[in-house]
Amino acid sequence: MSGASDVIIVGGGLMGSSAALFLRGHGLSVTLLETDLIGRQASGTNFGNVRRQGRPIHQLPLANRAIAIWRKSRALLGADVESLQSGHIRVCYRERPELCLLYTSRCV
């Protein structure tokens with residue numbers, strides 16, 4: 001590696017790679033350090049859990065911004081990242097209310 005970078009990012013998962021992309025877009029030089037293939041670890045497994053449902057209300061503005069960026073991913077990256085927006089469901093059983101309360105403030 002020659003020269004200096006404005007920013008060094010350790011970890012080439014979803015967060016590190018995204019940060020590198022947007023920092024470069026703002027004109028900063030970036031060095032991204034990863035021990036393996038980019039996005040191979042947890043980000044490649046759970047895809048960063050992009051969702052709005054079930055989030056605390058204070059997280060919704062950030063979740064909305066993230067979804068808007070994912071919708072523009074083809075234009076930003078020049079390739080299809082195969083992101084498919086869909087919903088999810090949480091199932092709570094009345095027979096095990098202690099499990100239900102781990103995920104919501106009330107059981108159905």
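This is a predicted model, so every value here is computed, not measured.
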Legend entry - Separation between CG of Leu60 and CZ of Arg52, rounded to the nearest 0.5 Å: 8.0 Å
Legend entry - Spatial distance of atom OG (Ser73) from atom CG (Asp80) [nearest 0.5 Å]: 7.0 Å
Legend entry - Rounded distance (nearest 0.5 Å) linking atom OG of Ser83 with atom CD1 of Ile69: 12.0 Å
Inset, instruction - Verify the cluster assignment for Leu33 and Ile38: are they in a single hydrophobic cluster under the rule of side-chain heavy atoms below 4.5 Å apart? - result: no
Inset, instruction - Rounded to the nearest 0.5 Å, what's the gap from CG on Leu76 to CH2 on Trp70? Could you check? - result: 10.5 Å
Inset, instruction - Determine the minimum heavy-atom distance between Ser17 and Gly12, stating which atoms define it. - result: OG-O, 3.1 Å
Legend entry - Heavy-atom side-chain contact between Asp6 and Leu23 under 4.5 Å: no
Legend entry - Nearest heavy atoms of Ser29 and Ser5, plus distance in Å: OG-CA, 3.4 Å
Legend entry - Co-membership, hydrophobic cluster, residues Val30 and Phe22, 4.5 Å side-chain: no
Legend entry - ILVMFWY network linking Leu14 to Leu77, side-chain heavy atoms under 4.5 angstrom: yes
